[in-house]
Amino acid sequence: MTSVLVKDVSLNYGAVEVLKNLNIDVAEGEFIVLLGPSGCGKSTLLNCIAGLLDVSSGQIFIKDRNVTWEEPKDRGIGMVFQSYALYPQMSVEGNLSFGLRNAGVPKDEIARRVARAASILQIEPLLKRRPAALSGGQRQRVAIGRALVRDVDVFLFDEPLSNLDAKLRSELRVEIKRLHQTLGNTMIYVTHDQIEAMTLADRIAVMKGGLIQQLDRPQAIYSRPINRFVAGFIGSPGMNFLEGRLELRDGVPHFAADGLDIPLSTYPFDAKGFAPGPVSFGMRPEHVGLNTGSGWPFSRQVEVEVVEPMGSDTLVWTRLGDQNFTVRVSSERAPSIGEAVSIGFDPLRASLFDSLSGVRL
Amino acid sequence: MTDAAILPAAGTSSRPAALSGPQGPRPRRALSVRNVVIYGTLTVVAVYYLLPLYVMVVTSLKGLPEIRMGNIFSPPVEITFEPWVKAWATACTGLNCDGLSRGFWNSVRITVPSVVFSIVVASVNGYALANWRFRGAELFFTILIVGAFIPYQVMLYPIVIILREIGLYGSLWGLVIVHSIFGMPILTLLFRNYFASVPEELFKAARVDGAGFWQIYFKIMLPMALPIFVVAIILQVTGIWNDFLFGVVYTRPDTYPMTVQLNNIVNSVQGVKEYNVNMAATILTGLVPLIVYFISGKLFVRGIAAGAVKG
Ligand SMILES: Nc1ncnc2c1ncn2[C@@H]1O[C@H](COP(=O)(O)OP(=O)(O)OP(=O)(O)O)[C@@H](O)[C@H]1O
Ligand SMILES: [Mg+2]
């Protein structure tokens with residue numbers, strides 16, 4: 001069953017097109033993460049769904065009801081903001097109950113719902129305090145609680161954790177995941193953080209320039225990015241790209257660049273076929289083996305140029321042909337600078353993109 | 001005690017030279033050039049402004065014979081409150097001789113409604129302009145800004161005609177309307193900038209919570225805006241209380257505000273010039289703005305600063 005349906009929605013500020021004919025279909029109880037670079041329209045899309053911005057064209061359905069012209073309060077949504085947006089002059093309890101009081105919910109019902117939300121979020125001891133007397137993590141819990149008490153169908157989160165420090169962020173991340181499992185509501189969640197996206201999402205929507213580039217399960221987005229932008233955006237450290245040409249020799253496709261020839265017999269080409277021409281060859285650093293024998297379909301002797309320790313793993317910079325190439329190895333097996341090593345990989349795990357259109361081949 | 005053996009305790013003479021340099025806050029000399037210039041300037045300016053006030057207070061407490069002896073800086077030999085009483089209750093202005101008291105109450109009856117009315121309307125205007133981007137908001141805002149810069153003198157006579165047509169010329173209410181309208185541009189600007197500095201997400205959260213125009217105004221914005229209300233009150237109270245031009249143009253002798261009456265007392269040409277009564281009357285007239293400043297000066301600065309930093 002569809003919970004949120006965004007249909008051909010555009011939003012313009014004068015001549016600036018922020019959302020361009022955007023479509024997204026969110027299933028009941030699904031956790032969707034909107035991921036994309038700054039300014040790509042994530043918050044704008046969320047605000048349109050919430051009814052805080054009027055769309056320029058298109059329709060929005062929530063629970064199969066056309067809410068395009070409805071007020072935010074009538075859409076059955078709750079929203080959590082990056083800056084918490086707690087009402088500074090009200091106590092935590094006042095913040096939680098504000099929406100219910102506006103809706104004219106009876107007093108005992110308000111008390112019951114506030115108590116329930118407070119116990120789910122473990123903020124019971126804080127109910128009498130003002131927001132100024134709370135820590136960042138506590139404030140964000142209250143902000144989530146404000147959506148929780150209203151018993152809404154859809155939760156909208158706009159970068160709720162990005163003002164918190166790393167440790168607190170991972171704690172609250174788990175709590176949000178747990179909350180989703182307990183409540184089973186539909187959630188749409190905007191973030192910059194790939195780990196948040198990967199861990200929380202049922203499906204990730206990667207956005208760029210007001211369009212959804214790819215909407216798929218995290219694993220699919222990671223291993224089969226639909227275009228070069230998604231491939232470069234997802235994954236940290238980023239994917240290696242080698243620029244070259246796709247050639248067909250003896251019926252076998254090859255990737256050829258200066259001093260480099262990679263046979264692509266194992267590469268899973270897209271069903272729509274391919275033609276020889278300029279392409280980018282993408283390979284994730286974690287899918288490359290370093291000094292792991294000769295069992296690889298492609299291997300090469302290279303020299304280590306730079307070594308970047310990242311804690312448990314180390315990023316090793318080398319050159320393949322004359323293009324930069326990184327390899328991710330566990331830190332205890334990290335080579336030293338100048339050392340000659342052998343690297344190898346399987347084109348099965350590669351991603352091949354048309355250089356001009358950026359589309360996956 | 002092994003620690004102490006490894007790390008020499010602070011203050012012992014055994015410290016190496018590298019560690020014995022400057023320590024703690026930098027010493028400041030009381031008589032540096034900088035201090036002399038700053039405090040010297042401040043003192044000169046303060047004396048410059050306070051001296052006239054001193055002369056006024058001293059003169060208002062002297063009898064006329066003593067004043068005629070000169071020595072305007074010398075304190076009164078014999079303190080008398082007679083001039084104060086006369087200024088308040090019996091000094092003559094034109095036809096009636098009941099002192100400034102009549103003007104005082106007129107001014108109160110002009111100032112209070114003007115201040116309340118203009119601030120209530122301007123704060124709602126500012127809120128609507130900052131948070132509800134209604135159609136024509138930009139145009140409305142531009143008109144307001146232009147309004148803030150039109151010299152009053154241009155509009156004096158047209159307003160006389162308008163007031164006469166609606167039958168309010170010469171009444172206190174006419175003046176109240178004039179003050180409210182003329183305060184509107186600058187006050188709306190003040191409130192708009194303040195409300196524009198309130199994070200937009202707060203406003204959005206309230207809308208998601210189902211609050212409407214007035215609920216957001218009263219429950220969210222108003223409680224946050226107290227400093228700016230204090231600023232607005234001070235601006236309006238002092239501005240309207242001190243006004244002379246509108247008072248003299250738009251009222252009749254029996255509805256003259258205090259400033260106009262003061263002028264009539266001081267400039268009256270019959271009889272001897274009673275400097276002591278004039279001084280007392282002047283101080284009495286200036287007392288209301290002075291008291292407002294003293295009570296709320298701190299809040300005023302805080303409010304202005306809050307607006308300046310965020311707006
Ligand atoms: N009032 C406005 N007038 C004109 N353009 C605007 C306005 N508000 C936003 N934009 C533009 O819309 C685009 C999308 O903004 P949006 O806030 O949705 O980005 P975002 O994806 O949420 O970015 P971030 O990750 O930085 O929050 C931006 O390029 C921004 O410049
Ligand atoms: Mg955003």
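The chains referred to below are lettered A, B, ... by the order of the sequence lines, with proteins before strands, and numbering in each begins at 1.
- The number of heavy-atom neighbours closer than 6.0 Å to CG of A/Asp54, taken from other residues, nucleotides and ligands shown, is 12 or below.
- Using non-hydrogen atoms only and a strict 4.5 Å limit, no part of residues 106-114 of chain B faces chain A.
- Other residues, nucleotides and ligands contribute only 12 or fewer heavy atoms inside 6.0 Å of the OH atom of B/Tyr39.
- Atom OG of A/Ser83 is separated from atom NZ of B/Lys204 by 9.5 Å, given to the nearest 0.5 angstrom.
- Residues in residues 43-83 of chain A take part in no ring pair (Phe, Tyr, Trp, His ring centres under 6.0 Å) pair, two or more places apart or across chains.
- Other residues, nucleotides and ligands contribute over 12 non-hydrogen atoms within 6.0 Å of the CD atom of A/Glu171.
- Within the 4.5 angstrom heavy-atom criterion, no atom of A/Leu156 approaches chain B.
- Other residues, nucleotides and ligands place more than 12 heavy atoms under 6.0 Å from the NZ atom of A/Lys177.
- Considering only heavy-atom pairs separated by less than 4.5 Å from chain B, the leading option among A/Asn47, A/Val152, A/Asp74 is A/Asn47.
- Listed by sequence position, B/Ala206, B/Arg207, B/Val208, B/Asp209, B/Gly210, B/Ala211, B/Gln215, B/Lys219, B/Ile220, B/Pro223, B/Met224 are the residues of residues 206-224 of chain B in contact with chain A, using a 4.5 angstrom heavy-atom cutoff.
- Residues satisfying the salt bridge (Lys or Arg N to Asp or Glu O under 4.0 Å) criterion with A/Arg173, sequence neighbours excluded, are absent altogether.
- By the 6.0 Å contact criterion, CZ on B/Phe117 is open, its count of non-hydrogen atoms from other residues, nucleotides or ligands being 12 or less.
- At most 12 non-hydrogen atoms from other residues, nucleotides or ligands lie less than 6.0 angstrom from CD1 of B/Ile186.
- By the neighbour-count criterion of 12 heavy atoms within 6.0 Å, atom CD of A/Glu70 is densely surrounded, having more than that number from other residues, nucleotides or ligands.
- In this structure, B/Phe149 places its CZ atom where only 12 or fewer heavy-atom neighbours from other residues, nucleotides or ligands lie under 6.0 Å away.
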